[in-house]
A.B. asks: 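Take this structure first; my questions come after.
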Amino acid sequence: MQLMWFRTDLRVQDNSALAAAMSSGPTVALYLISPAQWLAHDDAPSKVDFWLRNLKSLAGELGKLNVPLLVREADDWSAAPQVIGELCQQLQISTVHVNEEYGVHESRRDQGVADALDTLGIHFNSQLDQIFFKPGSVLTKSGTYFQVYSQFRKVCYQRLHSALPSVIATPKAQDPLAINSDAVPEQVPGFATPSDTLRQLWPAGEAEARRRMDDFAAEQIDFYQSARDFPAKPGTSQLSAYLAAGVISPRQCLHAALAANQGEFDSGNIGVVTWINELLWREFYKHILVGYPRVSMHRAFRPETEALAWRDAPQELKAWQEGRTGLPIIDAAMRQLLATGWMHNRLRMIVAMFLTKNLLIDWREGERFFMRHLIDGDLAANNGGWQWSSSTGTDSAPYFRIFNPLSQSQKFDPDGRFLRQWLPELVGLNKTNIHNPAAMGGLFGIADYPAPIVDLSKSRARALAAFKSLPHFAGEEAS
DNA sequence: TGTTAGTTCTG
DNA sequence: AGAACTAAC
C-alpha cells in the first residue's frame, strides 16, 4: 500500500507525488492538521480556512479516484514522525510519497519523518513539484546560488529551452479500497473563520483555479504588462492563493501561458512574457530560501543592514496595520488586505516601502503582519518582497530608491477609483485632492480622516541618513 | 519596479 | 512658467 501525504499541493491534476504513488500501487491519502505549527508560522486564519475548504474539495476529487483521504493531527511537526509511522504500520504502507517543500522547518520535518520510516523499513519518496527546477540545479558558473534575479532568469530560460517541464497526467481511478475517508474539519482552533465576503472572493477547488487560469490566459494575459500595475483594474491573474496552496501548479500556469504565445516564453506576446517572468520571480525566491536559509530565520540577506537603527514606533506601526496613516493609498491598500486577505502587488511594494523607509520600522514587522493576514502568504515570496522593499535582500531596491506614496498613488490610480473603493470617507473628493486630502488645508479637512502621521520629505531624508550611516555599508550606484 | 533638486530649453 | 533633462541619493 502507498501513502500520499498532501501538504501545500491540494490537487489531483499535475501532482507529481500523487502520480508516483498511484502508479506504484493502491494508494491512501493523508493530511495533517498542525495548529501549533501553523500559529508558529504566522499562517493567516483566512489561509488556514482556504486550506480546509480546498481539502474538502480535494477529498471529493480523490473520491472519484477511489483514494480515501485520512485526516490526522500532529499539533507540532515534531509529532509528525510518530503519527505517520503509526499510520504506516496500521495500513502496512511500503512507501510514503510527498512533494518537496523548501522551508527550514519543512525540510527538518521531512527528514525526521524519513528517518523514522527508515527504521520501520518504509520508503520515503519525495518529488520536485512546487517549482520548475530543483534548488541547487540552477547555479552560477562558480557553483553558488544566484543573488541577482536577471542572471538567474537567464539560466532558467536556457533550461526551459532545453527541457520544458511537462504536465503530468491525472491518474486513473484505482479499485475501491475498504478504507473510509475522514471528515475534513470546518475549523481549526486558534484560526477564526473569516467573513463570508472574504470566503466568497476565494472559492475553493481545482475547478475554480483552472477556470481562473483559463479565463486569465484567454482574456487578460495580453494586457497583463500594461494593466498589472493599476490596482483598480482586474489586470492580475488572482491565482496567488491557489498557487500557494498548490490547488494549481506552476507547470499548469506555464503551459497555459505558453499556449497563448505559440510556445514562447522569452519573446512574442509581451503580456505572456511578463507573466512568466513573475512565475520565475516565485521560482527565484524559493531557490534563495534554500541557498540562503538565514533569510527565513529573521535575518537580513545583506548582513551589513542588520545594524540599521530601525525605529520602535508602536503607534505608527498600529496606524499602518489598521489603515489610518492619513495617506490614502497606504490606508486603502491596508484595508484591502484586511477585508480580502489579498493586496495588489504594486500596493504591497508601496506599503512595504512606506513602513520600512518613511516610518523606518523593521521589515520583519511588516513581513509578520502580511503573513498573518494574507490568504496567499508564502514564506519565500513574502520574505523576498519585504527584503526587496527594505533594501536588505538579494537584488533589492537600492536604498535611495524610495517610493513617494503620493506620486505612486497619482501614477497608478490616476482617477482615484481604487481609493474611493476602500475609503468611503473620501468618496466626495475629486481625482486631484483624493490622493492628498491634507493639501486642501485645515478648513477643508475631512471629518473622520486623519492627517498624515509622517512628513514624507523629512522621513525620506531620515531613511537615507540611516542607510548612509551604516558601518561598512556599500551604497549602490544608481542604475 | 524612483524621487528630488537643480539646470537648461521653450514659448 | 513649465517642460525636458541630469545628477545624486
Side-chain angles (χ1 to χ4, degrees), chain A residues 146-154 223-233 235-237 240 266 270-285 288 301-302 304-305 308-309 327 329-330 333 343-360 363 366 370 380-414 418 432 435-436 439 452 454-479:
Chain A
F146 282 100
Q147 300 182 21
V148 176
Y149 171 69
S150 57
Q151 299 303 109
F152 173 84
R153 180 181 57 192
K154 202 157 83 181
F223 316 111
Y224 178 68
Q225 198 208 22
S226 53
R228 67 184 190 132
D229 270 321
F230 296 86
K233 294 184 181 179
T236 62
S237 69
S240 55
D266 57 355
I270 188 66
V272 172
V273 172
T274 307
W275 194 61
I276 291 175
N277 191 51
E278 294 301 313
L279 292 177
L280 293 176
W281 268 106
R282 176 182 176 281
E283 183 93 9
F284 177 63
Y285 283 135
I288 290 290
F301 176 80
R302 299 177 59 167
E304 67 274 20
T305 64
L308 216 132
L327 288 144
I329 193 68
I330 304 294
M343 190 193 291
H344 188 279
N345 186 57
R346 167 59 53 178
L347 301 174
R348 295 190 198 200
M349 294 189 283
I350 298 173
V351 302
M353 196 71 89
F354 178 76
L355 184 77
T356 59
K357 302 294 169 65
N358 295 98
L359 297 182
L360 203 61
W363 58 271
F370 265 32
N382 190 49
N383 182 273
W386 276 95
Q387 295 220 43
W388 181 87
S389 296
S390 62
S391 308
T392 65
T394 52
D395 210 15
S396 52
Y399 76 95
F400 49 78
R401 193 172 292 165
I402 298 172
F403 291 2
N404 180 320
L406 299 181
S407 39
Q408 289 283 312
S409 184
Q410 288 155 353
K411 191 170 174 188
F412 296 113
D413 189 32
F418 180 79
T432 305
H435 301 288
N436 189 14
V454 278
D455 179 290
L456 293 178
S457 175
K458 286 180 186 153
S459 58
R460 176 178 189 272
R462 178 174 64 187
L464 290 171
F467 272 86
K468 278 205 278 188
S469 74
L470 280 178
H472 314 301
F473 185 72
E476 309 88 337
E477 297 301 317
S479 53

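Convention: sequence-line order gives letters A, B, ...; per-chain numbering from 1. The figures that follow rest on heavy atoms only: side chains count, while hydrogens, waters and symmetry mates do not.
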A.B. asks: Within 45 degrees of the axis of the six-membered ring of A:Phe403 and under 6.0 Å from its centre: does A:Lys411 put its NZ or CZ there?
C.D. replies: no
A.B. asks: Round to the nearest Å and state the distance from A:Trp275 atom CH2 to B:dT1 atom P.
C.D. replies: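 To the nearest whole Å, that distance equals 21 Å.
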A.B. asks: Measure the spacing between CZ of A:Phe152 and CZ of A:Phe284 and express it to the nearest 0.5 Å.
C.D. replies: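 A:Phe152 atom CZ to A:Phe284 atom CZ measures 7.0 Å (nearest 0.5 Å).
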A.B. asks: Which distance, rounded to the nearest 0.5 Å, do you find between the NE2 of A:His344 and the CZ of A:Arg228?
C.D. replies: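 Rounded to the nearest 0.5 Å, the NE2-CZ separation comes out at 9.0 Å.
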A.B. asks: Could you tell me the separation between the CH2 atom of A:Trp388 and the P atom of B:dT1, rounded to a whole number of Å?
C.D. replies: 10 Å
A.B. asks: Would you say the side-chain atoms of A:Tyr224 and A:Asn277 include a donor-acceptor pair closer than 3.5 Å?
C.D. replies: no
A.B. asks: Could you state the CG-P distance from A:Leu464 to B:dG2, rounded to the nearest angstrom?
C.D. replies: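 Spelled out: CG on A:Leu464 to P on B:dG2 is 16 Å.
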A.B. asks: Would you list the protein and nucleotides 3-5 of chain B atom pairs, both N or O, that sit under 3.5 Å from each other?
C.D. replies:
| unit_1 | atom_1 | unit_2 | atom_2 | d |
| --- | --- | --- | --- | --- |
| B:dT3 | OP1 | A:Asn404 | N | 3.2 |
| B:dT3 | OP1 | A:Ser407 | OG | 3.0 |
| B:dT3 | OP1 | A:Gln408 | NE2 | 3.2 |
| B:dT4 | OP1 | A:Asn404 | ND2 | 2.9 |

A.B. asks: Grab the CE-C1' distance between A:Met353 and B:dG2 for me, whole Å please.
C.D. replies: 8 Å
A.B. asks: With rounding to the nearest 0.5 angstrom, report the CD1 to CG distance, A:Ile288 to A:Asn383.
C.D. replies: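 Those atoms lie 10.0 Å apart.
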A.B. asks: Angle between ring planes, A:Tyr285 versus A:Trp281, binned at 30° and 60°: parallel, tilted or perpendicular?
C.D. replies: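 It falls in the tilted class, 30° to 60°.
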